[in-house]
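Here the structure comes first, spelled out in structure tokens, and everything after it is commentary.
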Amino acid sequence: MKRLLIGTALASIACAGMAGAETTIELQRFFGACDADFGNVTDVSQAVGECGIITALVNKFEADNPDIDVNVTTVEWPGYDQLNAQLASRAAPDVVSMHYSVISDYQTRGLLDPIDDVLAAQGMSADVFTDASLAGVTKEGATYGLPFDNWTMLFHVNMNMMQEAGLVGDDGAPILPASVEELYEQGMQFKEATGKPYLVQILANETAAYTRILYTFLQQQNADFFADPTAIKLTTPEATNVVEMLKKIYDEGLTTTDMDYPAAVSGFSNGAGGIAVNGTWLIGDYTAQSEAEGNALSGGYTVYPLPQLFEGRDSTYADGHGWVLPKKDRSEEQLEAIGKLFKFLAENDFHWARTGHLPAVKAVFEMEEFQSLPHRDNIAEIAQTGQSLPPEVLRQFAIQDILGEEIAAAVHGDKSVEDALATAEKRVNDLLANI
Amino acid sequence: MAESYRRSRWSHALFVVPYLIVFLTLLVFPLFWGMWLSLNKVDLFGGAEFVGLRQYARVLSDPVFHQAVRNTVIFVAVSVPVLVGLGLFLALALNRKTRGAAFLRGLYFSSTILSVTIVTLIWRIVFIPNDGLMALIFAGLGWEPIGFLSTKGWSLFSVGVATVWWCIGLPMMLLLAALQQIPADLYEAAALDNASKGRILTRITLPSIKPTIMLVAVIQIVMQFQLFGQALLMTNGGPAGTSRPIVMYIYETAFIRWDVGLGAAASEILFVIILCAAMLQYWISTRKEEV
Amino acid sequence: MADRSAFSPESLTENRLLYWIAAGLAVVMLAPVIWIVGLSLKNNQELMLGTEAVFRAPYTLKNYADIFVNSQVFGWFLNSMIVAVGQTLGVLTLCSLAGYAFARLEFPFRRTIFILVLFGLAVPEQAVIIARHQMFNWFGLHNTHIALMLPGMSSAFGVFLMTQFFRAIPREIDEAAMLDNTSQFRIFWKVLLPLTMPAQATLGIFTFLLAWNDYWWPLISATKKEMFTLTIGIASSQTNFAQSEGLGFLSAQAIFASLPVVIVYIFFQRHIVTAVSGGAVK
């Protein structure tokens with residue numbers, strides 16, 4: 001009887017505690033839904049892929065903090081139409097996933113809250129994050145989002161075909177170009193030996209890929225194309241160099257043509273070409289494929305940053321994913337809960353890095369688990385060489401679309417290189433002048 | 001008393017009132033609001049600043065908008081006759097009482113029920129290089145592959161194919177209905193005259209359904225001017241903007257660039273273009289009839 | 001006079017050649033659908049290595065099973081049903097009433113109002129969506145079923161169609177009723193409306209399809225996941241670059257999302273065909 005009473009008392013206390021103190025965080029993100037496979041996984045190390053890992057991370061956080069309920073809404077990538085609608089009707093969620101490149105758009109309109117105090121309350125400071133990732137979220141001296149990762153375009157290499165083309169060094173590493181001339185030479189050599197194009201690029205229904213490549217090689221030439229963040233400068237010899245290079249790659253048949261994003265991804269899987277120019281997020285899939293038997297990548301896959309082709313400096317255009325706080329009134333409890341969540345996400349950034357993205361937390365690079373992940377030593381330098389656009393540049397998604405469209409026009413021969421660059425410059429500056 | 005429905009009465013308008021309320025609040029009022037926005041420099045989160053007709057000047061001097069108008073007009077000029085012509089052909093071919101014809105009618109209509117995401121998914125998988133159905137067919141026949149979604153000209157063509165495939169059901173059904181309504185005595189007279197099939201088609205069948213053909217054309221003009229989803233999802237307007245329709249231009253300016261004023265101005269221009277095209281068509285077709 | 005019973009206008013208009021061409025073209029209609037059904041029955045990893053795997057066994061239902069593991073799918077399905085049915089009933093009611101008056105009654109400014117309504121056909125959704133969003137915001141209507149149903153009810157197409165249908169009904173029918181001094185509404189309700197049933201079926205199916213497949217408005221109005229429609233929900237659960245990750249899964253989702261409309265269509269198909277044949281679009 002006594003035991004029963006105590007039991008009841010304990011139970012009621014627990015219930016009261018639960019009911020009274022439960023704080024809810026509305027979290028809205030892309031990365032998809034995968035409750036089928038990971039809905040109940042709290043052991044994060046069991047999860048794979050962007051969707052799986054973020055789902056397991058949230059599960060684990062909720063398990064560790066029974067007084068906090070994270071209510072996750074997944075939205076179709078990238079989810080900004082929805083977010084805009086919510087902001088317009090003042091019904092934004094508490095925490096939202098956001099690309100670094102668009103944070104400025106919302107921050108300059110006063111739609112985001114800085115997170116510095118939230119981090120400070122958890123005893124965290126911004127200097128745990130890498131410079132590359134911090135650059136993406138720091139605006140006007142304040143931190144407007146929790147950096148989660150950095151991603152860039154990479155050279156995904158089919159070693160089996162590189163071997164066939166004689167482009168593998170004695171150390172077993174692929175021989176990659178160190179200049180534009182070498183790129184053409186090695187590309188021709190590859191094409192002659194294998195009969196396949198050297199590069200697998202995304203050229204249809206897509207604008208992002210070309211733009212990221214342009215930014216990368218402009219940075220490598222130390223071209224300060226956004227010296228004034230409200231006006232791009234593209235009618236320059238540096239920009240012409242890059243686009244002419246892309247055009248020559250296309251004209252000489254050194255790249256696959258006509259592939260849209262999914263086609264390019266599966267094309268590389270099937271040995272359609274030697275090197276896929278694509279993002280960090282594919283490392284996991286391709287690595288898994290190379291460990292399986294009987295396909296084009298079996299036992300022959302590696303990955304490197306985009307090579308330094310221009311004298312200047314080694315640099316790669318980088319963007320990344322962060323977690324931002326839309327402006328709204330929040331209770332102390334909510335802010336504390338969000339702080340705990342952010343601290344948890346930062347502490348577990350290694351798990352997120354298993355997706356292929358580069359960690360945003362410096363310490364992860366030192367972790368043995370991270371270093372032992374396949375190919376990560378090849379690309380770790382991006383934490384230093386990765387560079388985003390100046391934080392003041394607004395409408396980066398829209399700019400990307402314009403640049404990609406015009407570069408593609410030049411590469412496909414629909415316009416001259418000069419004309420395309422001049423048009424791109426004019427369109428971007430018209431856009432920026434009218435904000 | 002028998003003629004009361006012919007007498008003009010305010011009370012008769014009561015039947016129209018419920019719809020008119022919805023029409024005015026959810027279409028007319030927002031439309032005027034959109035006109036107001038088009039006179040402002042404003043983003044998605046307000047902060048309007050009156051700029052008069054400047055947004056219209058910007059739209060009308062934007063080469064990208066010119067290209068979008070050209071693309072859209074070409075698209076409409078090609079797809080509408082194809083939809084009406086093919087619809088008419090199918091209606092004539094399938095206007096019979098056999099099970100086979102019923103099955104085919106159902107089949108041709110069935111694609112209409114799919115959503116645009118699914119339609120474009122299907123056709124993307126048909127048109128993509130290497131893995132696509134067309135690529136497999138071309139490879140099988142030993143033909144040079146075509147970059148259907150990434151080559152100038154072909155990209156708009158591919159969007160058009162998907163659109164015709166998706167939209168053919170409605171014109172066919174409306175025209176079939178009209179065919180089945182032609183009074184049998186017209187044909188009886190023709191049978192007595194021993195008129196040839198070709199003559200019956202051009203002298204009886206086509207003139208009888210002419211109003212429906214015109215109606216179908218107006219509906220299709222209005223619908224195809226609003227091309228959006230197929231282009232966005234299949235080609236993203238590319239390459240070099242050669243498959244970007246006007247609505248996609250509006251979407252990009254208003255929702256990607258947050259340049260709502262500019263987008264609103266472009267929408268108003270599109271509204272006027274559609275209105276003119278539809279009225280022109282409607283005027284031609286109903287000159288002799290009562291509206 | 002020709003023998004009426006033996007006479008068939010079809011013998012004068014039918015053309016065997018046309019028919020067989022139409023039958024041949026059906027292959028073009030069908031091939032993409034068969035292709036995507038095939039993809040939906042394949043393992044994703046296998047497809048990633050090449051879609052020609054469609055032509056080989058093994059086939060699997062796993063892609064379909066995966067859809068149902070997401071417990072929210074049924075809620076989204078229910079939302080879509082409520083919205084599509086609600087919007088359809090609304091459109092049928094409003095458009096029948098309006099179509100009847102425009103076609104058969106006389107009232108001041110009838111022609112002007114009708115032409116104004118026809119102007120509505122030309123309004124692109126983009127021209128009104130921002131204002132609509134703001135208006136629903138004033139009344140706190142977002143994330144409700146009503147908000148998802150209402151905009152579709154302003155469509156001028158239904159009024160246009162119903163007016164055409166009502167106009168085709170012979171005048172004698174309601175003139176007879178008029179003689180009995182029946183009220184205007186009774187004539188509409190008891191005499192004419194039953195005659196437009198086929199037309200109602202046609203407009204109903206079109207409206208249902210539009211509501212079911214609507215994308216943009218639900219995307220920005222129903223932002224809470226409990227309120228997602230099936231179209232939005234399914235899109236939201238795709239990973240960033242799902243097309244490459246799961247062609248099979250994506251195809252299965254596409255087929256699953258279309259299934260309810262396919263069923264509605266098959267069920268009502270007979271009505272559509274007779275609708276248009278018995279009804280009267282002239």
Side-chain angles (χ1 to χ4, degrees), chain B residues 2 4-10 12-13 15-16 18-19 22-23 26-27 30-31 33-34 90 92-94 96 104-108 113-115 118 121-122 126 131 133 136 173-174 176-178 180-181 184 187-188 191-192 200 205 211-212 222 226 247 250 260 267 270-271 274-275 278 291, chain C residues 2 7 9-10 12-14 18-19 22-23 26 29 32 35-36 50-52 94-95 97-98 100-101 104-108 111 117 119-124 126-128 130-132 150-151 153-154 159 175 178-179 181 209 213 231 250 254 258 261-262 265 269 273 276-277 279-282:
Chain B
S4 85
Y5 67 91
R6 290 205 192 282
R7 224 184 307 146
S8 182
R9 285 181 157 201
W10 283 102
H12 290 162
F15 285 93
V16 195
Y19 173 74
V22 179
F23 178 72
L26 288 172
L27 207 77
L31 185 68
W33 186 328
L90 290 174
L92 289 170
L94 301 177
R96 43 163 72 194
L104 288 174
R105 283 197 298 262
L107 183 69
Y108 279 105
I113 67 182
L114 302 175
S115 74
I118 293 162
L121 178 72
I122 291 174
V126 171
D131 288 343
L133 187 60
L136 294 184
M173 279 299 176
L174 293 176
L176 259 171
Q180 294 178 352
Q181 284 220 293
Y187 289 115
E188 281 177 39
L192 290 178
I200 290 174
T205 311
T212 307
V222 169
Q226 300 185 39
V247 174
I250 295 169
V260 170
S267 324
L270 173 62
F271 173 58
I274 297 178
L275 204 57
V291 176
Chain C
F7 173 75
E10 286 179 12
L12 299 177
T13 54
E14 270 181 17
L18 289 187
Y19 178 76
M29 287 302 288
W35 179 243
I36 203 162
T51 45
E52 68 276 4
L94 296 177
C95 296
L97 287 169
Y100 166 66
R104 310 187 77 85
L105 301 177
E106 194 54 62
F107 51 90
R111 281 176 62 102
V117 169
F119 277 16
L121 274 178
V123 178
Q126 291 70 25
V128 292
I130 290 176
R132 269 185 196 163
L150 275 177
M153 293 187 201
S154 66
V159 175
E175 271 166 15
M178 290 280 179
L179 293 175
N181 238 342
L209 296 181
N213 291 330
T231 321
L250 216 58
S258 319
V261 263
V262 173
Y265 171 65
Q269 193 208 3
V273 182
V276 255
S277 57
V281 188
K282 252 193 186 161

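All values reported here derive from a predicted model rather than from experimental measurement. Naming: A, B, ... by sequence-line order, numbering from 1 per chain.
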[X], part contacting chain C, at a heavy-atom distance under 4.5 Å:
{"X": "Ala278(B)", "value": "neither"}
{"X": "Leu31(B)", "value": "both"}
{"X": "Leu104(B)", "value": "side chain"}
{"X": "Leu27(B)", "value": "both"}
{"X": "Leu90(B)", "value": "side chain"}

So how far is it from [X] [atom1] to [Y] [atom2], rounded to the nearest 0.5 Å?
{"X": "Leu174(B)", "Y": "Thr212(B)", "atom1": "CG", "atom2": "OG1", "result": "7.5 Å"}
{"X": "Tyr100(C)", "Y": "His12(B)", "atom1": "OH", "atom2": "NE2", "result": "7.5 Å"}
{"X": "Ile200(B)", "Y": "Tyr187(B)", "atom1": "CD1", "atom2": "OH", "result": "7.5 Å"}
{"X": "Gln226(B)", "Y": "Leu270(B)", "atom1": "CD", "atom2": "CG", "result": "6.5 Å"}

Legend entry - Option that, when pairs with chain B are counted at under 4.5 Å, heavy atom only, ranks first among Pro151(C), Ser258(C), Cys95(C), Pro32(C): Pro32(C)

Inset, instruction - Tell me, out of Ala26(C), Pro108(C), Ala127(C), who's got the most heavy-atom pairs with chain B below 4.5 Å. - result: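 Ranked by contacts with chain B, first place is Pro108(C).
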
Legend entry - Which atoms of Val159(C) approach chain B - backbone, side chain, both or neither, heavy atom under 4.5 Å: side chain

Legend entry - Proximal component of Leu209(C), with respect to chain B [non-hydrogen, under 4.5 Å]: side chain

Legend entry - Student check: side-chain heavy atoms of Thr205(B) and Leu92(B) closer than 4.5 Å: yes

Inset, instruction - For residues Leu176(B) and Tyr108(B), determine if any side-chain heavy atom of one lies less than 4.5 Å from a side-chain heavy atom of the other. - result: no

Legend entry - Closest-packed option against chain C by number of heavy-atom pairs under 4.5 Å, given Val16(B), Ile274(B), Leu26(B): Leu26(B)

Legend entry - Largest heavy-atom contact set with chain C, pairs under 4.5 Å, which of Val260(B), Ile250(B), Leu275(B), Val222(B): Leu275(B)

Legend entry - Tyr19(B) side chain vs Ser154(C) backbone, donor-acceptor pair below 3.5 Å: yes

Inset, instruction - Would you check if the side chain of Arg132(C) reaches a backbone N or O of Pro30(B) as a donor-acceptor pair within less than 3.5 Å? - result: no

